[in-house]
Amino acid sequence: MTARSRTAGRQRPQRHLPLQVLLGFLVVYFLIPFWWVFVNSSKDAPGLFSGSNTLWFADQVDYFGNLERLFTYDGGIYGRWILNSTLYAFAGGIGATILAVMAGYGFAKYRFAGRRFSFSVLLGALMVPATALVIPTFMMFSGLGLTNTIWAVILPSLLNPFGVYLMHVYARDAVPDEILDAARADGAGELRTFVRVALPLMRPAVVTVLLLSAVASWNNYFLPLAMLSDNRLFPVTVGLGLWQGIASANNSGSTSLWSLIILGALVSVIPLVIAFFTLQRHWRGGLSLGGLR
């Protein structure tokens with residue numbers, strides 16, 4: 001090894017040092033809120049308001065006792081909220097992914113009348129904030145008599161313009177027209193060509209859209225807040241907001257509610273963390289493959 005190569009080897013890490021420091025700062029910045037929730041969910045009401053260090057555990061750590069109170073409070077309504085969120089995320093995520101895959105593939109591989117105009121409308125929909133559509137959606141579902149039902153949350157979640165756009169871009173580059181033409185020449189119909197040829201090539205993008213759609217449905221707050229009035233149909237986001245309103249008003253034993261709210265927020269994050277780490281390999285693979293193409 002020459003002196004020049006040894007010098008370059010010593011200088012290379014130093015060149016990336018500012019970037020590494022910045023990334024380390026961002027990691028700490030984003031982990032502090034999660035650490036705060038994890039620590040304070042172990043405290044009871046006196047431990048929360050004792051004025052002790054909020055970033056460290058109290059003398060008494062009682063996760064299991066807090067979990068028992070969380071799932072038994074008000075007849076175990078929190079467990080129902082978790083199940084509701086699971087239903088909304090599963091149905092909304094699966095349905096939005098199916099529609100996005102079919103629509104994106106259709107825009108990418110078929111030529112039909114109004115294709116450019118329809119795709120322009122889709123791109124325009126990406127610019128509209130989802131909250132701006134809640135009131136018109138509520139008026140429409142109210143006219144159909146579907147408010148305060150699970151369909152008022154599931155059906156709007158099926159529309160994912162960003163998912164359609166992502167699938168369009170991915171299918172356009174990841175599925176060669178030559179392979180589709182070869183499958184058609186072998187006698188395969190359009191449905192079989194899509195299922196047996198195109199869909200396996202689009203799997204990384206499908207998993208990505210599924211993850212993003214499910215997370216968006218799980219974290220949805222404003223839509224179910226406007227659509228639902230029965231607290232038994234609330235997702236966990238709206239349910240915790242209801243508890244926070246009760247605790248802030250200092251009614252119905254609200255002092256003890258704060259520990260349940262913090263622990264409930266921690267528990268509600270766990271399914272998202274599990275889903276992310278389970279699908280992370282496919283998600284990263286899809287993004288890197290799309291970047292290479």
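As the structure is a computational prediction, the values presented were derived from the model and not from experiment. Numbers here are sequence positions counted from 1.
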With no hydrogens and no angle check, is any side-chain donor or acceptor of [X] less than 3.5 Å from a backbone partner on [Y]?
| X | Y | result |
| --- | --- | --- |
| Lys109 | Ala198 | no |
| Trp35 | Val28 | no |
| Ser248 | Gly245 | no |
| Asn148 | Asp230 | yes |
| Thr237 | Asn220 | yes |
| Ser85 | Val236 | yes |
| Ser268 | Ala265 | yes |
| Asp62 | Gly65 | yes |
| Asn66 | Ser259 | no |
| Ser41 | Phe38 | yes |

Checklist entry - Would you call the rings of Phe162 and Tyr165 parallel, tilted or perpendicular if under 30° counts as parallel and over 60° as perpendicular? => result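 Judged by the thresholds at 30° and 60°, the geometry between Phe162 and Tyr165 is tilted.
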Checklist entry - Considering residues at least two apart in sequence or located in another chain, which fulfil the salt bridge (charged side-chain N to carboxylate O under 4.0 Å, His left out) criterion with Arg80? => result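 Scan of Arg80 (salt bridge (charged side-chain N to carboxylate O under 4.0 Å, His left out), adjacent residues dropped) gives none.
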Do other residues, nucleotides or ligands put more than 12 heavy atoms under 6.0 Å from [X] [atom1]?
| X | atom1 | result |
| --- | --- | --- |
| Phe112 | CZ | yes |
| Phe90 | CZ | no |
| Arg196 | CZ | no |
| Phe64 | CZ | no |
| Phe107 | CZ | yes |

Item to check | Distance, nearest 0.5 Å, that separates CG of Leu266 from CG of Asn40 | outcome: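 Leu266 atom CG to Asn40 atom CG measures 10.5 Å (nearest 0.5 Å).
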Among the clusters formed by ILVMFWY side chains lying less than 4.5 Å apart, do [X] and [Y] turn up in the same one?
| X | Y | value |
| --- | --- | --- |
| Leu83 | Ile94 | no |
| Val215 | Val153 | yes |
| Phe71 | Leu257 | yes |
| Leu159 | Leu146 | no |
| Leu70 | Leu242 | yes |

Checklist entry - Leu263 versus Leu67: any side-chain heavy-atom pair under 4.5 Å? => result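 Of all side-chain heavy-atom pairs linking Leu67 with Leu263, at least one is under 4.5 Å.
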Checklist entry - Given side chains that start at C-beta, do those of Thr86 and Trp218 come closer than 4.5 Å, heavy atoms only? => result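 Contact flag for Thr86/Trp218 side chains = yes.
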